[in-house]
Amino acid sequence: MREQVQKLLQEAAERVVREIHPSQLERLGPIQVVPAKQPEYGDFTSNAALMLAGPLQRPPRELAARIQAMLRDPDGVIERVEIAGPGFINIFLAHARWHDLLIRILREQERFGFGGDPGERVQVEFVSANPTGPLTIGHGRNAVLGDAIVRLLEATGHEVTREYYFNDGGRQMRVLGESLRARYQQQLGREAELPEDGYQGEYLCEIARTLAREQGDAWLDADWTRFKQAAEGAIFKDIRKTLERLEIHFDVYFNEHTLYADGHVETTLSDLRATGLVYEADGAVWLRTKELGLERDRVLLKSSGEPTYLLPDIAYHREKFRRGFERIIDVLGPDHIEQFPYVKAALGALGYPADDLEVVVYQWVNLRRGTELVKMSTRAASFVTVDEVVDEVGADVFRFFMLERRADTHFDFDLDLAKERSERNPVFKIQYAHARLCSIERVAVEREVELPEPEDICFARLQSPQELELVKRLERYPETLLHAARAREPQEVARYLLALATAFHSYVSDSTRHRVLSDDKELSVARLALVRAVRITLGNGLGRVGISAPERM
RNA sequence: GUCCCCGUAGCUCAGCUGGAUAGAGCGACUGCCUCCUAAGCAGUAGGCCGCCCGUUCGAAUCGGGCCGGGGACGCCA
């Protein structure tokens with residue numbers, strides 16, 4: 001609908017330019033048509049005349065008038081045009097055009113608003129927490145954000161793989177194994193101390209208790225590797241369980257280890273060498289990233305001969321390209337943002353389309369107790385887990401918490417406040433609207449009000465401002481979805497849903513108290529159709545951000 | 001010290017590629033349930049959009065500089 005209006009105005013603007021200043025024609029970009037902020041400004045507004053005023057050297061209001069005169073509207077899309085303020089062109093649509101939209105929603109049902117992008121093979125890597133402890137709030141933000149982005153991309157037409165990358169080698173895991181061994185030995189009454197910088201969390205004691213129960217003292221003298229494996233297994237199980245509660249599933253769990261086992265790290269290194277960007281200094285092997293425009297050079301192999309984390313990271317992302325993904329998205333915390341350009345530059349040097357590799361950065365969630373800011377640390381056991389919060393507020397509220405703000409804003413998390421907030425969380429307003437809509441449809445069934453074919457509904461009966469307001473909001477759903485997907489910003493959908501829910505509540509609760517079902521059969525049917533379109537859209541949008549759409553509350 | 005993110009209502013945050021009177025949720029205050037769910041609705045109060053320059057017909061939005069908060073700058077994953 002908006003596209004239609006845009007096209008008509010574009011053509012009119014072109015005619016005007018041709019008339020006044022033909023040489024400026026190629027400088028005329030796409031003109032802007034946006035939904036009007038207020039009903040008095042019509043349905044859509046364009047600032048075309050203001051934009052053209054400069055290049056054409058004419059007053060904007062004059063240009064607006066000429067554009068208006070040049071409008072050709074053979075299909076009768078536009079009811080009338082007004083020129084307002086400094087030169088805004090306000091478009092009032094013919095009501096019948098809105099009816100087409102409702103018909104479309106009723107026809108497309110849960111697929112309304114889908115598509116819009118040419119399907120690409122996309123991989124989204126998110127969470128990627130190493131199995132050293134339970135998922136914390138920070139991981140939770142990552143998880144919810146990544147999952148919502150996937151859902152959005154799927155809706156707009158992409159084929160998406162969800163991937164979780166982890167590393168169970170390295171010093172970190174050794175410390176974990178040694179920490180568990182100490183806890184296990186303590187369980188069996190032995191004097192044992194956690195290693196320095198060991199993992200202090202209670203969860204390791206729990207694992208140790210289970211281990212003591214199952215194994216007795218059989219592992220008393222086992223070395224740390226067995227404990228590492230035991231810890232990893234138990235922790236991963238918990239991580240998956242936590243993700244399960246949030247209804248987050250992965251297609252692939254990728255272990256960094258396989259990059260070594262399959263020789264990818266090695267071949268990546270030799271291919272990098274072949275680019276001539278590798279050199280040796282101080283006994284280490286370096287990558288000349290400074291030459292690629294970055295801050296400094298980076299070490300690939302330490303003087304000990306071991307790779308740094310950068311090398312497998314490059315190998316991993318190369319594998320992603322090799323696996324045929326056309327677009328690769330990493331959801332990362334701010335601690336990885338510095339690292340990312342180096343991986344990208346290396347891939348570019350290896351001949352891969354580095355621009356198709358993209359990162360979504362989210363900011364830390366600060367943990368606050370009262371006024372005191374607590375530093376989150378898995379090792380020091382200073383964290384709030386996703387499970388704790390979900391226990392308190394439920395998965396839907398948790399997801400909404402993480403999705404209602406932009407990923408790149410910092411925010412403070414206070415569990416007490418979260419509990420308080422869960423009572424009156426905006427997510428309920430959306431869900432409640434959905435439940436009320438379902439309720440209306442149930443009553444319709446009781447009263448045997450049925451919807452005929454959409455084309456046979458007399459939508460012209462929908463005339464109140466609240467009804468038009470609802471339809472206009474519905475019209476914005478597809479573009480909201482598409483924009484949110486392209487910008488990787490699920491919060492746009494969350495906010496859209498809140499606005500749509502509010503418009504609905506207002507429709508049935510404000511002083512006009514619209515009754516959907518009444519003695520007026522024709523009106524009842526029209527309103528029922530509208531209400532169903534709202535329900536479809538709300539349910540659809542909730543699904544896109546992974547929040548349930550209850551039929552009763 | 002260098003780089004990145006953020007600074008909008010009491011609190012938490014929106015504000016899309018600059019556009020007409022700056023919005024929402026929570027909190028505060030006032031009203032509203034014989035009615036398809038009051039987890040709702042209607043209304044009131046509350047803002048030098050961190051500060052200063054600049055670009056523009058027009059800046060919360062773009063550019064520069066300051067101030068404040070967070071993060072990153074290793075042969076640590």
Side-chain angles (χ1 to χ4, degrees), chain A residues 29-30 32 34 36-38 40-41 45 47 50-51 53-54 59-60 84-88 90 130 132 166-173 256 281-286 295-296 298-310 312-313 333-339 361-364 366 373 401 404-412 417 420-421 423-433 435-444 446-447 479-480 483-484 487 489 491-492 494-495 498-499 501-502 504-518 527-528 531 552-553:
Chain A
Q32 203 181 70
V34 297
K37 276 171 139 182
Q38 295 174 61
E40 307 93 85
Y41 298 156
T45 289
N47 65 352
L50 287 97
M51 301 295 287
F88 290 103
N90 294 334
N130 286 337
T132 59
F166 69 100
N167 166 14
D168 63 355
R171 208 185 68 90
Q172 199 184 34
M173 296 303 289
E256 183 201 40
D282 306 326
V285 176
W286 295 71
E295 195 78 4
R296 61 189 179 90
R298 299 286 302 256
V299 172
L300 293 171
L301 290 184
K302 308 181 207 173
S303 50
S304 64
E306 288 172 293
T308 61
Y309 52 87
L310 178 62
D313 241 23
D335 51 338
H336 287 81
I337 187 61
E338 203 272 342
Q339 163 81 355
V361 180
Y362 65 94
Q363 288 295 333
W364 289 141
N366 293 319
L373 202 61
F401 252 117
E404 66 180 327
R405 1 172 123 62
R406 292 172 55 105
D408 59 6
T409 57
H410 304 271
F411 83 93
D412 294 348
L417 195 67
E420 254 177 63
R421 283 281 194 76
E423 315 276 321
R424 297 189 72 76
N425 191 286
V427 74
F428 292 132
K429 190 162 172 174
I430 304 169
Q431 294 182 312
Y432 181 53
R436 285 180 90 176
L437 285 155
C438 290
S439 171
I440 293 172
E441 297 213 42
R442 283 193 295 269
V443 174
E446 274 170 33
R447 299 192 194 167
E479 68 190 74
T480 301
H483 190 270
E489 293 197 352
Q491 45 94 13
E492 291 179 6
R495 287 176 182 280
L498 189 58
T502 300
F504 163 72
H505 284 305
S506 183
Y507 174 53
V508 292
S509 314
D510 74 2
S511 57
T512 59
R513 297 249 170 131
H514 290 79
R515 306 295 296 173
V516 173
L517 306 168
S518 65
R527 286 183 171 169
L528 185 60
V531 150
R552 297 171 198 273
M553 281 177 77

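Worth saying up front: this structure is predicted, and the values here are computed from it rather than measured. Side chains included, hydrogens not; waters and symmetry mates left out as well; all remaining heavy atoms used. Every chain is numbered from 1 and lettered A, B, ... according to where its sequence line falls, protein lines coming before strand lines.
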Which heavy atom of A:Ala435 sits nearest to which heavy atom of A:Arg442, and what is that distance? O-NH2, 4.4 Å
For nucleotides B:G63 and B:U55, find the distance between their P atoms and express it as a whole number of Å. 16 Å
Gap separating the CZ atom of A:Arg527 from the CD1 atom of A:Ile440, nearest 0.5 angstrom: 11.0 Å
Mind calculating the distance between OH (A:Tyr362) and C1' (B:A72) to the nearest angstrom? 14 Å
Picking from B:U21, B:A20, B:A39, which would you name as closest to the side chain of A:Phe428? B:A39
Ignoring backbone atoms, test whether A:Lys429 places a side-chain nitrogen or oxygen under 4.0 Å from the OP1 or OP2 oxygen of B:C41. yes
Pick the closest RNA chain B nucleotide for A:Ser303 and for A:Leu498 by heavy atoms, then say which residue is nearer the 5' end. A:Leu498
What's the gap between B:U8 and B:G69 when it is taken at their P atoms, as a whole Å value? 14 Å
Under 4.0 Å between a side-chain N or O of A:Lys37 and OP1 or OP2 of B:C16? no
Identify the heavy atoms of A:Ala36 and A:Tyr41 that sit nearest to each other, and give their distance. CB-O, 3.5 Å
Starting at the 5' end of RNA chain B and moving along, which residue's nearest nucleotide shows up first, A:Asp282 or A:Arg442? A:Arg442
Can you tell me which nucleotide in B:C26, B:G19, B:C75 comes closest to the side chain of A:Asn47? B:G19
Is the aromatic ring of A:Phe88 within stacking range of B:A20, meaning centres under 5.5 angstrom and planes under 30 degrees? yes
Gap in Å between the two C1' atoms, one belonging to B:G25 and one to B:A9, rounded: 12 Å
Gap in Å between the two C1' atoms, one belonging to B:A14 and one to B:A42, rounded: 23 Å
First locate atom CG of A:Asn90, then atom NZ of A:Lys37, and finally report the distance between them rounded to the nearest 0.5 Å. 12.0 Å
Are any protein N/O atoms closer than 3.5 Å to N/O atoms in nucleotides 42-45 of chain B? If there are, list each pair with its distance.
from  : atom 1 : to       : atom 2 : distance (Å)
B:A42 : OP1    : A:Ser506 : OG     : 2.9

For A:Met51, does the CE atom have more than 12 heavy-atom neighbours from other residues, nucleotides or ligands under 6.0 Å away? no
Stems formed with participation of RNA chain B [Watson-Crick or G-U wobble, under 3.5 Å, three or more pairs]: B:1-7 with B:67-73, B:10-13 with B:23-26, B:28-32 with B:40-44, B:50-54 with B:62-66
Partners of A:His514 by ring pair (Phe, Tyr, Trp, His ring centres under 6.0 Å), sequence neighbours excluded? A:Tyr507
A:Arg298 and A:Thr308, any side-chain heavy atoms less than 4.5 Å apart: no
Between atom CD in A:Gln38 and atom C1' in B:A20, what is the gap in whole Å? 8 Å
Distance check, rounded to the nearest 0.5 Å: A:Arg495 atom CZ versus A:Ile430 atom CD1? 10.0 Å
How would you list, by chain and number, every residue that makes a side-chain contact (heavy atoms from CB on, under 4.5 Å) with A:Glu404, sequence neighbours excluded? A:Phe400, A:Phe401, A:Pro426
Between P on B:A24 and CD1 on A:Ile430, what's the gap in Å once rounded to a whole number? 15 Å
Atom C1', compared across B:G31 and B:A45: separation rounded to whole Å: 15 Å
To the nearest Å, give me how far apart CD (A:Gln339) and P (B:A72) are. 13 Å
Return the value, rounded to whole Å, for the distance between atom CG of A:Leu50 and atom P of B:A59. 13 Å
Spacing of A:Gln32 atom CD relative to B:C16 atom C1', expressed in whole Å: 9 Å
Let me have a per-nucleotide readout for nucleotides 29-36 of chain B, 5' to 3', with B, S or -, counting only protein heavy atoms under 4.0 Å. ---S--BB
Taking atom types as modelled, is there a side-chain donor on A:Arg405 or A:Gln363 under 3.5 Å from an acceptor on the other? no
Counting any heavy atom closer than 4.0 Å, what does A:Glu306 reach on the DNA or RNA strands: base, sugar-phosphate only, or nothing? nothing
Just checking A:Asp168: base, sugar-phosphate only, or nothing, at a heavy-atom cut-off of under 4.0 Å? nothing
What is the distance, to the nearest angstrom, from the CD atom on A:Glu489 to the P atom on B:C16? 10 Å
Is the glycosidic torsion of B:C33 within 90° of 0, making it syn, or is it anti? syn
Atom P, compared across B:C67 and B:C52: separation rounded to whole Å: 15 Å
Minimum heavy-atom separation for A:Leu301 and A:Pro307, please, with both atom names. CD2-CA, 3.6 Å
How many Å lie between CZ on A:Phe504 and C1' on B:G40, as a whole number? 10 Å
Indicate, with a heavy-atom threshold strictly under 4.0 Å, whether A:Arg552 touches base, sugar-phosphate, or nothing. base
Any non-hydrogen side-chain atom of A:Asn130 less than 4.5 Å from a side-chain atom of A:Asp168? no
Summary of protein contacts for nucleotides 1-14 of chain B, nucleotide by nucleotide, where a base hit scores B, a sugar-phosphate-only hit scores S (4.0 Å, heavy atoms): -S--BS-----SSS
Exercise: identify the closest heavy-atom pair between A:Asn47 and A:Phe88: CB-CE2, 4.1 Å
Any idea which of B:U17, B:G40, B:C75 is nearest the A:His505 side chain? B:G40
Distance from A:Gln32 atom CD to A:Thr45 atom OG1, nearest 0.5 Å? 10.0 Å
Tell me whether the count of non-hydrogen atoms from other residues, nucleotides or ligands lying under 6.0 Å of CZ in A:Arg552 goes above 12. no
A:Ser506 side chain vs A:Thr502 backbone, donor-acceptor pair below 3.5 Å: no
Using the P atom in both, what is the distance from B:C11 to B:C53, to the nearest Å? 26 Å
Touch check for A:Met51, heavy atoms < 4.0 angstrom, all strands: base, sugar-phosphate only, or nothing? base
May I ask you to say what A:Ala487 touches in the nucleic acid, namely base, sugar-phosphate or nothing, with a heavy-atom cut-off under 4.0 Å? nothing
Rounded distance (nearest 0.5 Å) linking atom OG1 of A:Thr480 with atom CD of A:Glu489: 12.5 Å
Provide the distance between the two C1' atoms, one in B:G15 and one in B:G7, to the nearest whole Å. 15 Å
